[in-house]
Amino acid sequence: MYALVDCRSFYVSCERVFRPDLWGKPVVVLSNNDGCIIARSQEAKALGLRMGEAVFKCQHILKQNEVHVFSANFGLYGDLSARIMSVLEGFSPDIEIYSIDEAFLVFPNDNRDYEVLGRHICERVLRWVGVPVGVGFGHSKTLAKAAHEISKKGSGVCDIHQRGVTHTLQSLPVADIWGIGKRHSAFLNSNGIYTARQFRDMPPEVVRKRMHTPGFRTQQELKGLSCIPLEAVAEERKQIVSSRSFGTKLTEQSDVRGALADNVAVASEKLRFYGQAAQALMVFIATSRYNDDYYSRSVVIPLPEATASSRILTHYSGIGLEYVYKPGKRYAKSGVMLMNLVKADHIQGNLFYKGACQDTALMKAVDAINGRWGRHTLQLAVTQWHNRIWKMNQNMKSKRFTTSWNELPEVMSPCVADLYKKKTTQTESNGSFPTSK
DNA sequence: TCTGGGGTCCTAGGACCC
DNA sequence: TCTGGGGTCCTAGGACCC
């Protein structure tokens, strides 16, 4: 039996852990640069705020309804996610961490009451971490996902077999099936298929012909035949991307070069963390896609030898930039993609290339120092970190409550709060600040 | 004026091999 | 006039996920 555990409005719930006063109030979390909405509380959804909506377009709704707005704080979300996953591991050793806010668990298929189990999971995660979750059960991952969809409208827990699969799939729109995206649901709708049940009962040859292997697998899964196995051990990464929109549009090549160097620093740190090296590097830059003169170029640079050195990768990113940079544009975004990844201890030498220094010891030292003192403590001079004008806008970011000693939340017990009040009134005149926390 | 970031899998078709 | 059969590798583009 598969279980899917999914956090409710995950980023919003993370913010609420340290702002319990925001329960029941409309809250949204914004993308990097505070550009658009990427998470909404139930109350915010009810106001008609849409996923991915540009902030400047719905500013009036946010203001009128006193919506609480947060800049993205991915460090906080990642840390709370890790805590939730470790709680879930206590329920089953067979776990696949599917995304930052979702995990699949596998349980023996016996006669136990799975909805009771589901409620235990919800209670424990809420009590131990503070984030509400929902749980769906089914004999395949797709059925567990479907059960979870249904659980959102009810108590937060659903065993699709207990409720009756056919009956449940009948109430699920085909577009809400895991693996059926926009294109396929439009195609299905145009052929009179609106519900998950109708899709499940379509002739398999038709599904295979029009939606190929992935669509066929999804259909099999809805019949209770598990085709998508649990991936308990994460596969090796095939590519690593780092890209960022700039806080302000860039026109100088040297600024773009600095931003690219930072993209390389972020991506290659991840690369080294996974013990991998890249055989090729893609560089891309773009102006705003919403402008008429949208300009976007990319170039792939094969490297003479696989590497994980930020110094070498930054060098090649500069060469790539020469190819794609066109003067006179207002650049909005840059990025790098590390490709054709191999294990760092299995690098194939190049017969016609003398081999560059891999900087292994240097990178190890850089990562150790940055790990201890923060990502931008040591970096290449080309980044021009302290003069960067591409800095992200993040004007409403919460603190690093769980990952920085200097930003621990302060808690006051009621009796201390009373003392604090008294002291504050007493000392207001001379301005000295009470120290009790 | 202002609009995010990071991934995977599958297929068709071209280019090549014997 | 008539021109085989069996394969691999690579890439671009499409579709999907969070």
Side-chain angles (χ1 to χ4, degrees), chain A residues 4-7 9-11 28-39 49-60 62 69-74 77-78 81 96-104 141-142 145 148-149 174-188 207-218 221 227-229 231 234-249 259 262-263 266-267 270-271 274 279-280 282 284 286-291 294 298 300 302 330 332-341 392-395:
Chain A
L4 174 78
V5 183
D6 183 300
C7 302
S9 310
F10 182 54
Y11 297 164
V28 296
V29 175
L30 308 184
S31 61
N32 278 337
N33 274 314
D34 296 341
C36 51
I37 293 173
I38 58 169
L49 293 165
R50 292 192 317 272
M51 184 71 176
E53 194 167 11
V55 173
F56 74 91
K57 282 186 177 173
C58 53
Q59 201 60 259
H60 57 290
L62 298 175
V69 180
F70 289 91
S71 302
N73 186 348
F74 291 111
Y77 312 149
S81 170
E96 172 186 340
I97 298 169
Y98 178 66
S99 73
I100 194 166
D101 72 334
E102 276 178 66
F104 287 103
K141 282 183 170 178
T142 307
K145 273 277 202 180
H148 168 258
E149 271 307 311
V174 76
D176 290 350
I177 304 172
W178 185 49
I180 306 287
K182 239 182 180 167
R183 290 299 180 91
H184 284 328
S185 60
F187 161 73
L188 290 167
V207 172
R208 181 145 223 168
K209 188 164 179 226
R210 301 301 300 263
M211 297 164 70
H212 309 289
T213 310
F216 177 70
R217 271 205 287 254
T218 298
E221 286 240 325
C227 314
I228 307 173
E231 283 175 27
E235 297 270 309
E236 295 254 293
R237 282 258 190 288
K238 291 171 181 162
Q239 57 185 44
I240 292 172
V241 178
S242 170
S243 70
R244 285 284 177 282
S245 296
F246 310 135
T248 177
K249 304 282 181 277
D262 190 50
N263 296 143
V266 171
K270 208 186 230 182
L271 184 72
Y274 288 117
Q279 293 180 284
M282 182 173 97
F284 60 91
T287 61
S288 170
R289 136 197 9 241
Y290 302 94
N291 286 3
Y294 178 50
S298 69
V300 177
R330 294 174 71 237
K333 182 179 185 167
S334 72
V336 299
M337 186 189 285
L338 305 178
M339 309 163 70
N340 304 353
L341 306 188
M392 271 198 282
N393 299 317
Q394 290 188 309
N395 297 322

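What you are looking at is a predicted structure, and each value in this text was computed from that prediction instead of being measured. Below, read A as the first sequence line, B as the second, and so on, with proteins coming before strands; counting in each chain starts at 1.
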Send over the distance from [X] [atom1] to [N] [atom2], rounded to a whole Å.
| X | N | atom1 | atom2 | value |
| --- | --- | --- | --- | --- |
| A:Arg217 | C:dC17 | CZ | P | 14 Å |
| A:Ile38 | C:dC17 | CD1 | P | 18 Å |
| A:Ile97 | B:dG6 | CD1 | P | 20 Å |
| A:Tyr274 | B:dG7 | OH | C1' | 11 Å |
| A:Met51 | C:dC17 | CE | P | 13 Å |
| A:Leu338 | B:dG5 | CG | C1' | 15 Å |
| A:His212 | C:dA15 | NE2 | P | 8 Å |
| A:Glu96 | C:dC17 | CD | P | 15 Å |

Between A:Glu231 and A:Lys141, is there a side-chain N and carboxylate O pair less than 4.0 Å apart? no
Among [options], find the nucleotide with the atom closest to the side chain of [X].
| X | options | answer |
| --- | --- | --- |
| A:His184 | B:dT11, C:dA15, C:dC17 | C:dA15 |
| A:Val241 | B:dG6, B:dC10, C:dC17 | B:dG6 |
| A:Asp101 | C:dC16, C:dC18, B:dG6 | C:dC18 |
| A:Glu102 | C:dC18, B:dG7, B:dG5 | C:dC18 |

For a quick test of reading the model, state the closest non-hydrogen atom pair linking A:Thr218 to A:Trp178 and the distance between them.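 For A:Thr218 versus A:Trp178, the nearest heavy atoms are CG2-O, 3.7 Å.
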Any idea which heavy atoms bring A:Ala267 and A:Ile240 closest together, and the distance?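 Between these two residues, the closest heavy atoms are O-CG2, 3.8 Å.
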Tell me whether the rings of A:Tyr11 and A:Tyr77 are parallel (<30°), tilted (30 to 60°) or perpendicular (>60°).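 If you compare the ring of A:Tyr11 with that of A:Tyr77, the planes turn out parallel.
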Extract from the structure each pairing of a protein N or O with an N or O of nucleotides 1-3 of chain B at less than 3.5 Å, listing the distance.
{"residue": "B:dT3", "atom": "O2", "partner": "A:Tyr290", "partner atom": "OH", "Å": "3.3"}

With sugar-phosphate meaning primed atoms plus P, OP1 and OP2, does A:Leu30 contact a base, only sugar-phosphate, or nothing at under 4.0 Å between heavy atoms?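 It contacts nothing in the nucleic acid.
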Heavy atoms under 4.0 Å, any strand shown: does A:Ile228 hit a base, just sugar-phosphate, or nothing? nothing
Tell me whether the side-chain N/O atoms of [X] come closer than 4.0 Å to OP1 or OP2 in [N].
| X | N | value |
| --- | --- | --- |
| A:Ser99 | C:dC17 | no |
| A:Lys333 | B:dG6 | no |
| A:Arg244 | B:dG6 | yes |
| A:Lys145 | C:dC17 | no |

Checking side chain to side chain contact (heavy atoms under 4.5 Å, CB included) for the pair A:Leu341/A:Lys238: CA distance, chi angles, key distance, verdict? CA-CA 6 Å; A:Leu341 306 188; A:Lys238 291 171 181 162; 6.0 Å; no
In terms of side-chain heavy atoms, does A:Ser245 have a donor or acceptor partner in A:Asn33 at a distance below 3.5 Å? no
Check the pair A:Leu30 / A:Val69 against side chain to side chain contact (heavy atoms under 4.5 Å, CB included), numbers first and verdict last. CA-CA 7 Å; A:Leu30 308 184; A:Val69 180; 3.5 Å; yes
Starting at the 5' end of DNA chain B, which residue's closest nucleotide do you reach first, A:Glu231 or A:Arg289?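 Final value for this comparison: A:Arg289.
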Assuming nearest nucleotide by heavy-atom distance, tell me which of A:Ile240 and A:Phe74 is located more 5' along DNA chain B.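 It is A:Phe74 whose nearest nucleotide is closer to the 5' end.
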Could you go through the side chain to side chain contact (heavy atoms under 4.5 Å, CB included) check for A:Ile180 and A:Met211 one step at a time? CA-CA 9 Å; A:Ile180 306 287; A:Met211 297 164 70; 3.5 Å; yes
